Colleague: 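Supplied in structure tokens, the structure appears directly below.
Since we're looking at a predicted model, the values are computed, not measured. No hydrogens, no waters, no symmetry mates; every other heavy atom, side chains included, goes into these values. All chains are named by letter (A, B, ...) in the order of the sequence lines, taking the proteins before the strands, and each is independently numbered beginning at 1.
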Amino acid sequence: MPTMSNDNQTPAQDENRLIAERRAKLAAIREQGNAFPNDFRREHKAADLQATFGDKTKEELESLGQQASVAGRIMAKRGPFFVLQDGSGQIQLYADKEAQKALKETTGMWDMGDLVGVKGQLHKSGKGDLYVNLEEFQLLTKALRPLPDKFHGLSDQEIRYRQRYVDLMVNPEVRDVFRTRSKVISFIRQYLNDADFMEVETPMLHVIPGGASAKPFVTHHNALDVEMYLRIAPELYLKRLVVGGYERVYEINRNFRNEGLSTRHNPEFTMLEFYQAYADYKDLMNLTEDMLRKLAVEVCGSAAFTSQGVEYDFNKPFDRISVVDAILKYYPSVTREQLNDISSATDIARNLKIDVKSTWGLGKIQIEIFEETAEHKLIQPTFITEYPAEVSPLARRNDDNPFVTDRFEFFVGGRELANGFSELNDAEDQAERFMQQVQEKDAGDDEAMHYDADYVRALEYGLPPTAGEGIGIDRLVMLLTDSPSIRDVLLFPHMRPE
RNA sequence: GGGUCGUUAGCUCAGUCGGUAGAGCAGUUGGCUUUUAACCAAUUGGUCGCGCGUUCGAGUCGCGCACGACCCA
């Protein structure tokens, strides 16, 4: 079978008669002059006009003689009226017989999807809608492709994701989701900046992928002739910066993990990570609780909101409960003693159909049991604490119980939203734990970490006692926008190539 | 990776028991001209996802494949 490079693929195969007719119209417009003028300057946005003049009566508007100049896309035609949509909202246009005649004789009647500019007096129709009378008007860009069904819109999920530009044109609630996403991120930036955190950017291309347990994407740097990895987490670089003396840093950026696609996973996803010197994991739980409470008010209008049919009230204190206590709460048929004994814990795990590997210690087994029995039941906001050191290779051990670390994960709606801990700043302990990870990698765990000698060297210069946390922005936006799938909060979710 | 469902006109969808491929919107032509999914009349538009099979005959039945959605791992 002959291969075909992307470069010489033939253009769109999906030409149809509607597109051909519009191409013919465009060809006629080209004959008359500039088909793509860029000299129209609007003075008004649709939503501003609606807000300022929407309450005026027809008669008040007549006497005002308000001129309006708007630009945007034709979304509907109703008799002599057009519905124009710009970035702010919609407003009607009115073409009297004379204007309709002029349109037909110049650019041809405007089609749905065309981008136009209009100047004229603002009026109110008999039915009470504002409209701009067509006095001066220009076709700015001819749309060659028709819009989807004006009433049903675009509902095919695949086309919505693959052609997000069409989805955004015709589905206002989709535009709202991504406005909310933008507000979430800007609120978090403001919150952290106000708390004296500094935003930084660390490498996306790593020679040693680290900071998380995940399979990386591999790439190759030609000039250096080395394998490089798209980062799975920025953690180790951010902590190097704390070593360097920036005591509060954060980064909001993409991580890449070579995993499957699902309603909860995209191979690239946005993560907030932040680090605070002279603080511990409890300080970060308090910060997280305060930040999310205020964030909910900011983007939902209230700390009480509904998502996926569940009512939340972030004004209520978030639960804090240990891993083992969470298992006991949601799986009461086992006892603390059983969970703290490796042979009985193994039996419990096997009864839950968990494939217990011979390399697993008690900590890993407990976490697997937790994920199976408790995680999906953590609907209301809950901090889970006391994560075993075995599954927390970068976290500081607890002073009273060295089996666990000073770590939490935060769950809402049965999903992990955040992960934070007091950082391990004992360089020698860190070196040992890297060695342990390397052994697990050698034993076949391709998600185990590499040994990062430079990171150990940084710790040898001294990392202040520090706490750090990561918050998954996509899942947070899903929660706050009531979106069932991560694809609904990603502008361009990854799909199998067409 | 497994299961369920889906793929028919540009869009949203019907399609009965296997017997000539349908509607609304969009488009085209004309009318109407302060409409609100505008309306009225006429009219154009199909590789029924792809392939193989069963059959006199397949959108429909069978098998395989592709892509997607949802659920599970």
Side-chain angles (χ1 to χ4, degrees), chain A residues 1 12-26 28 46 50 54 57-59 61-62 73-85 89-104 108-114 120-134 142-167 169-172 259-266 308 349 352-356 368 371-372 375-376 414 483-488 490 493-498:
Chain A
M1 177 179 161
Q13 303 275 321
D14 56 347
E15 292 283 307
N16 61 60
R17 227 197 54 217
L18 283 90
I19 294 174
E21 278 166 3
R22 288 176 178 230
R23 282 194 196 283
K25 288 181 186 174
L26 175 60
Q50 301 283 10
T57 65
K58 190 172 166 66
E59 291 71 26
L61 273 175
E62 301 297 330
R73 191 183 296 277
I74 301 294
M75 297 302 290
K77 289 196 277 183
R78 288 193 285 262
F81 289 89
F82 298 95
V83 176
L84 176 134
Q85 174 171 290
Q90 296 188 335
I91 192 163
Q92 290 202 119
L93 311 174
Y94 176 72
D96 62 18
K97 278 193 157 178
E98 204 177 318
Q100 288 177 53
K101 187 159 171 270
L103 279 177
K104 282 184 183 168
M109 185 53 72
W110 291 341
D111 288 311
M112 291 204 290
D114 288 353
Q121 191 175 337
L122 192 62
H123 292 273
K124 193 167 241 186
S125 74
K127 299 286 169 67
D129 271 1
L130 287 180
Y131 67 84
V132 180
N133 194 42
L134 262 75
K142 185 72 190 171
L144 295 177
R145 288 175 183 269
L147 291 178
D149 186 283
K150 68 183 175 187
F151 183 61
H152 300 94
L154 182 66
S155 61
D156 184 310
Q157 288 287 351
E158 180 178 354
I159 299 176
R160 288 188 47 219
Y161 295 143
R162 289 190 193 275
Q163 301 184 35
R164 184 67 92 181
Y165 36 91
V166 180
D167 192 27
M169 269 178 230
V170 301
N171 291 323
E259 303 169 341
L261 288 71
S262 78
T263 48
R264 291 180 300 281
H265 298 88
N266 195 59
Q308 297 299 292
L352 291 164
K353 300 198 172 82
I354 295 166
D355 180 19
V356 179
E368 292 285 332
E371 287 177 359
E372 184 66 30
E375 183 169 319
H376 61 282
S483 298
S485 168
I486 195 170
R487 295 190 184 106
D488 296 321
L490 296 167
H494 284 291
M495 311 271 285
R496 198 174 291 273
E498 284 183 84

Colleague: Nearest whole Å is fine: how far is B:rC72 P from A:His376 NE2?
Modeller: 10 Å

Colleague: Looking at side-chain heavy atoms only, is the closest gap between A:Val83 and A:Arg78 below 4.5 Å?
Modeller: yes

Colleague: So, OP1 or OP2 of B:rC13: does either fall under 4.0 Å of a side-chain N or O from A:Ser155?
Modeller: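 So the side chain of A:Ser155 is within the cut-off, an N or O lying under 4.0 Å from OP1 or OP2 of B:rC13.
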
Colleague: Can you work out whether A:Met112 or A:Ala95 has the more 5'-proximal nearest nucleotide on RNA chain B?
Modeller: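 Nearest-nucleotide comparison on RNA chain B picks A:Met112.
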
Colleague: Write down the distance between NZ (A:Lys101) and P (B:rG30), rounded to a whole number of angstrom.
Modeller: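 Taking atom P of B:rG30 as the reference, NZ of A:Lys101 is at 14 Å.
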
Colleague: Near A:Lys58 NZ, under 6.0 Å, is it more than 12 heavy atoms from other residues, nucleotides or ligands?
Modeller: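 Yes.
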
Colleague: The side chain of A:Pro148 is closest to which nucleotide in this list: B:rU33, B:rC11, B:rG27?
Modeller: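 Out of B:rU33, B:rC11, B:rG27, the nucleotide with an atom closest to A:Pro148's side chain is B:rC11.
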
Colleague: What is the distance, to the nearest angstrom, from the CG atom on A:Asp149 to the C1' atom on B:rA9?
Modeller: 13 Å

Colleague: For A:Lys25, report the nucleic acid contact type (base, sugar-phosphate, nothing); a contact means any heavy atom under 4.0 Å.
Modeller: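 Sugar-phosphate contact only - A:Lys25 comes under 4.0 Å of backbone atoms but never of a base.
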
Colleague: Hey, what do you get for CG (A:Leu144) to CG (A:Leu18), rounding to the nearest 0.5 Å?
Modeller: 12.0 Å

Colleague: Which nucleotide sits closest to the side chain of A:Lys77: B:rG27, B:rC71, B:rC11?
Modeller: B:rG27

Colleague: Should the side chain of A:Gln92 and the base of B:rU35 be counted as holding a donor-acceptor pair, with the cut-off at 3.5 Å?
Modeller: yes

Colleague: Could you check which of B:rU33, B:rU12, B:rG10 has an atom nearest any side-chain atom of A:Lys97?
Modeller: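 Taking heavy atoms from C-beta onward, the closest nucleotide is B:rU33.
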
Colleague: Just call it for A:Gly260: base, sugar-phosphate, or nothing, with non-hydrogen atoms closer than 4.0 Å on any strand.
Modeller: nothing

Colleague: So A:Tyr131 and A:His123, would you call those rings parallel, tilted or perpendicular, with 30° and 60° as cut-offs?
Modeller: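 Judged by the thresholds at 30° and 60°, the geometry between A:Tyr131 and A:His123 is parallel.
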
Colleague: Distance between the P atoms of B:rA38 and B:rU28, in whole angstroms?
Modeller: 16 Å

Colleague: Which nucleotide sits closest to the side chain of A:Ser485: B:rC70, B:rC11, B:rG27?
Modeller: B:rC70

Colleague: Would you say B:rU36 has OP1 or OP2 under 4.0 Å from some side-chain N or O of A:Arg78?
Modeller: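 No, no such contact exists.
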
Colleague: Establish, with yes or no, whether the OP1 or OP2 oxygen of B:rA26 is under 4.0 angstrom from a side-chain nitrogen or oxygen of A:Arg145.
Modeller: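 A:Arg145 to B:rA26 OP1/OP2: no side-chain N or O under 4.0 Å.
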
Colleague: Nearest whole Å is fine: how far is B:rU33 P from A:Asp96 CG?
Modeller: 13 Å

Colleague: Taking the side chain of A:Met495 as its heavy atoms from C-beta onward, which of B:rC25, B:rA69, B:rG27 lies nearest to it?
Modeller: B:rA69

Colleague: What's A:Arg487 touching, base or sugar-phosphate or nothing? Going by heavy atoms closer than 4.0 Å.
Modeller: sugar-phosphate

Colleague: Which nucleotide wins on minimum distance to the side chain of A:Arg496, given the candidates B:rG68, B:rU12, B:rG10?
Modeller: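 Within the option list, the nearest is B:rG68.
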
Colleague: Under 4.0 angstrom, heavy atoms only, what part of the nucleic acid is A:Asp129 near: base, sugar-phosphate, or nothing?
Modeller: base

Colleague: Between B:rA73 atom P and A:Ile354 atom CD1, what is the distance in whole Å?
Modeller: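 Roughly 11 Å, once rounded to whole Å.
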
Colleague: How long is the straight-line distance from CG of A:Leu122 back to OH of A:Tyr94, given to the nearest 0.5 Å?
Modeller: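 Answer for the OH-CG pair, A:Tyr94 versus A:Leu122, is 15.0 Å.
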
Colleague: From CZ of A:Arg17 over to P of B:rG46, roughly how many Å is that when rounded to an integer?
Modeller: 8 Å

Colleague: Among the nucleotides B:rU36, B:rG27, B:rU33, which one has an atom lying closest to any side-chain atom of A:Gln100?
Modeller: B:rU33

Colleague: OP1 or OP2 of B:rC25 versus the side-chain N and O atoms of A:Lys150: is any pair under 4.0 Å?
Modeller: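 Indeed not, no polar side-chain atom of A:Lys150 lies that close.
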
Colleague: Go through the N and O atoms of the side chain of A:Tyr131 and the base of B:rU34, and report whether any donor-acceptor pair is under 3.5 Å.
Modeller: yes

Colleague: When you compare the side chain of A:Arg487 with that of A:Gln157, does any pair of heavy atoms fall below 4.5 Å?
Modeller: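 A side-chain contact is absent here, since even the closest heavy-atom pair is not under 4.5 Å.
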
Colleague: Among B:rG10, B:rC11, B:rG68, which nucleotide has an atom closest to any side-chain atom of A:Ile159?
Modeller: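 For A:Ile159, the side-chain atoms sit closest to B:rC11.
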
Colleague: Could you state the CE-P distance from A:Met75 to B:rA26, rounded to the nearest angstrom?
Modeller: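 Spelled out: CE on A:Met75 to P on B:rA26 is 14 Å.
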
Colleague: Mind checking if A:Tyr161 touches a base, just sugar-phosphate, or nothing, with heavy atoms under 4.0 Å?
Modeller: sugar-phosphate

Colleague: Do any side-chain nitrogens or oxygens of A:Lys127 fall under 4.0 Å of OP1 or OP2 in B:rU34?
Modeller: no

Colleague: Looking at A:Ser125, I'd like to know whether one of its side-chain N or O atoms comes within less than 4.0 Å of OP1 or OP2 on B:rU35.
Modeller: no

Colleague: Between A:Arg17 and A:Glu21, does any side-chain N to carboxylate O distance fall below 4.0 Å?
Modeller: yes

Colleague: Specify the separation, in whole Å, of atom CZ of A:Phe151 and atom P of B:rC39.
Modeller: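 My rounded result for the distance is 12 Å.
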
